[in-house]
Each structure stands twice: as C-alpha cells, then as structure tokens.
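To start, the structure under review is shown below, and the notes come after it.
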Amino acid sequence: MANTIISVRNLVKNYGSFQAVKGISFEVNEGEIFGLLGPNGAGKSTTLEIIETLRIKTGGEVMVDGLNLDKEPNEIKKIIGVQLQASGYYPGLNLVQLIQLFCGLYNRHVNAMELLEMVNLKEKAKSKVKELSGGQKQRFSVAITLINQPRIIFLDEPTTGLDPQARRSLWELIKQIRERGTTVIITTHYMDEAEYLCDRVAIIDAGKIIALDSPDKLIDDLIAKGFERRREMKLANLEDVFINLTGHSLREE
Ligand code: ADP
Ligand code: MG
C-alpha cells in the first residue's frame with residue numbers, strides 16, 4: 001500500500017463572496033506524480049498555494065507528511081519545494097550565484113554545477129535568468145525547487161508557453177525527479193501532458209473535483225460507458241510530424 005503524504009479534507013476557499021474552492025478532498029501518495037487538471041479558473045493554483053502555505057484557506061483540513069497546516073506551517077515549508085516565477089529572481093545574479101543564494105537561505109550545501117547539469121543548463125552557469133529561453137527558465141526554476149532536498153515539489157503549469165521540444169525535455173526532468181523518490185504535484189490544462197506524466201489525476205471544475213483516478217482508469221471508465229471517438233484514431237498527430245521533422249533536441253540558443 002502506498003503511503004499518503006498529503007491529505008486534503010473538505011478544503012474551501014472564498015474570495016469575498018465568491019467561492020473558488022468548494023469543499024474538495026483528495027490524497028496524494030508518496031512518490032507519485034499527482035496532477036490537478038482543470039480549465040482556467042477551476043481553482044488549481046488556489047488549492048496548490050494553500051497546501052504550499054502561501055494562501056490562507058477558508059475551511060477544511062490539510063496534512064502534509066503528518067504535519068497539520070494550521071499548526072506547523074513552518075515545518076511544512078522545510079520539506080516542500082515551490083516553483084517561483086522567473087520574475088522572482090534577483091536580476092543581477094547569474095545561475096550559479098542564484099543557486100548559492102538559495103543554498104544560503106535554506107542552509108544547505110549543493111554543488112551548483114551538478115544541479116545545473118541535471119537540468120541541462122551547465123553551459124548557462126554564468127548567464128542571468130533574463131538571458132534564458134522559456135524552457136531554460138522553467139528548468140532552472142525546477143532546479144531551484146530541489147535545493148532544500150524536498151520530499152514534495154509543487155509545479156504550477158510548468159510547461160505553459162513552451163515549444164514541443166522544451167515541453168518534452170521538462171517532462172523527462174519531472175520523471176527523473178520522481179524516480180529519485182520525490183513526490184510531484186503538478187497542475188496543467190494539457191491532457192496529453194497529464195496522460196504522459198501523472199500516476200493519478202484529479203479533474204477540477206469550478207472549484208469541485210469531478211473525477212479522481214489514474215489516467216488509464218478514467219479512460220477505461222469512459223469507454224465502458226459506451227463512449228467512442230467519432231473518427232478512427234490517427235496513428236500520428238501533427239505534433240508527431242513536427243517532432244519528427246525538427247527532432248527532440250532543444251532549440252534555445
Ligand atoms: P486556476 O489556477 O485553476 O486557473 P485559480 O485558483 O487561479 O484557478 O482561481 C480560481 C478562481 O478564483 C478564479 O475564478 C479566479 O478568478 C479567482 N481568484 C483567484 N485568486 C483570486 C484573488 N486573489 N482574489 C479574488 N479572486 C481570485
Ligand atoms: Mg492557475
């Protein structure tokens with residue numbers, strides 16, 4: 001049996017008179033990639049930021065690795081890695097200096113070049129964040145989440161706006177992080193991404209969870225209800241054509 005590392009019970013978030021999260025419950029297993037899927041405005045970021053201790057909830061209970069969010073938020077902060085937006089980094093520092101800065105903040109020793117190598121950014125060690133491409137910025141921000149050696153990392157739409165090569169490169173990085181034993185929670189509105197990456201997904205719409213299971217189980221359930229695609233599946237799609245013509249290698253120099 002998988003261990004539960006996050007448990008969310010009847011979570012509610014009101015913004016004034018508007019209820020953005022309407023009493024959702026779910027559990028995340030240790031070591032899995034768990035996806036929160038949903039259209040814009042569904043409440044994904046709100047839910048994530050509450051668990052990350054960055055937003056105050058209106059109601060409900062959240063436990064992270066046995067720690068109660070209401071009682072021990074600072075202990076929770078120590079075991080999680082949260083992705084920052086590119087604009088959140090000191091503009092004057094290069095990648096190595098930023099890593100060293102975060103090591104200081106977290107009181108951790110990390111080999112900056114090894115970390116950059118892991119996210120395929122060794123050649124950019126002396127660059128500033130603003131000089132990176134979109135995909136490089138995202139890989140760097142994922143690297144930063146790893147500095148405090150977290151048990152869980154949170155990624156909020158990490159691939160939005162990336163080209164297909166950069167997206168696939170980030171997918172491989174996320175899988176690699178999970179293989180090291182880190183639990184990953186990711187939000188996305190790309191269903192191909194969720195199907196490829198996530199062990200289990202919760203589909204959120206208008207503040208409610210409307211389905212929760214593995215992608216395969218959700219697809220099987222739909223088929224069992226008699227669903228059929230109107231046209232026979234093509235053996236490839238336009239993205240396959242694009243990747244086949246332009247290759248998997250990153251284009252960001
Ligand atoms: P998602 O990440 O799924 O796109 P969000 O969690 O960002 O959704 O937002 C859920 C709903 O709450 C949206 O209708 C959004 O407009 C609203 N909302 C988010 N943040 C605030 C805020 N700080 N004040 C008021 N409404 C907000
Ligand atoms: Mg969001």
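In each ligand, atom 1 is the first atom listed, and ligand 1 is the first ligand listed. One-based numbering along the sequence shown. All values below come from the heavy atoms of this structure, side chains included, with hydrogens, waters and symmetry mates left out.
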Give me the pairs of N or O atoms, one from ligand 1 and one from the protein, that sit under 3.5 Å apart.
from     : atom 1 : to    : atom 2 : distance (Å)
ligand 1 : 2 (O)  : Ser45 : N      : 2.9
ligand 1 : 2 (O)  : Ser45 : OG     : 2.8
ligand 1 : 3 (O)  : Ala42 : N      : 3.1
ligand 1 : 3 (O)  : Gly43 : N      : 2.9
ligand 1 : 3 (O)  : Lys44 : N      : 2.8
ligand 1 : 3 (O)  : Lys44 : NZ     : 2.9
ligand 1 : 4 (O)  : Gly41 : N      : 2.7
ligand 1 : 6 (O)  : Thr46 : N      : 2.9
ligand 1 : 6 (O)  : Thr46 : OG1    : 2.5
ligand 1 : 8 (O)  : Gly43 : N      : 3.2
ligand 1 : 20 (N) : Tyr15 : OH     : 3.4
ligand 1 : 20 (N) : Arg55 : NH1    : 3.4

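Scanning for salt bridge (charged side-chain N to carboxylate O under 4.0 Å, His left out) contacts around Lys122 gives Glu117, with sequence neighbours left out.
Listed for the Thr58 side chain is a donor-acceptor partner under 3.5 Å among the backbone atoms of Asn14. Here the side chain of Asn29 pairs no donor or acceptor atom with the backbone of Glu32 at under 3.5 angstrom.
Other cluster members for Leu37: Met191, Val201, Ile203, Ile210, Leu218, joined by side-chain heavy-atom distances under 4.5 Å among Ile, Leu, Val, Met, Phe, Trp and Tyr.
Protein-derived N/O/S atoms nearer than 2.8 Å to the Mg ion (ligand 2) total 1, waters excluded.
A cation-pi arrangement is not found for Arg167 relative to Tyr196, the charged atom failing to lie both closer than 6.0 Å to the ring centre and inside a 45° cone about the ring normal.
Between Phe34 and Ile6 the shortest side-chain heavy-atom distance does not fall below 4.5 Å.
Gln136 and Glu131 share no donor-acceptor pair across their side chains, judged by distance under 3.5 Å alone. Checked by atom type, the side-chain pair Thr183/Glu30 shows no donor-acceptor distance below 3.5 Å.
By the neighbour-count criterion of 12 heavy atoms within 6.0 Å, atom CD of Glu195 is sparsely surrounded, having that number or fewer from other residues, nucleotides or ligands.
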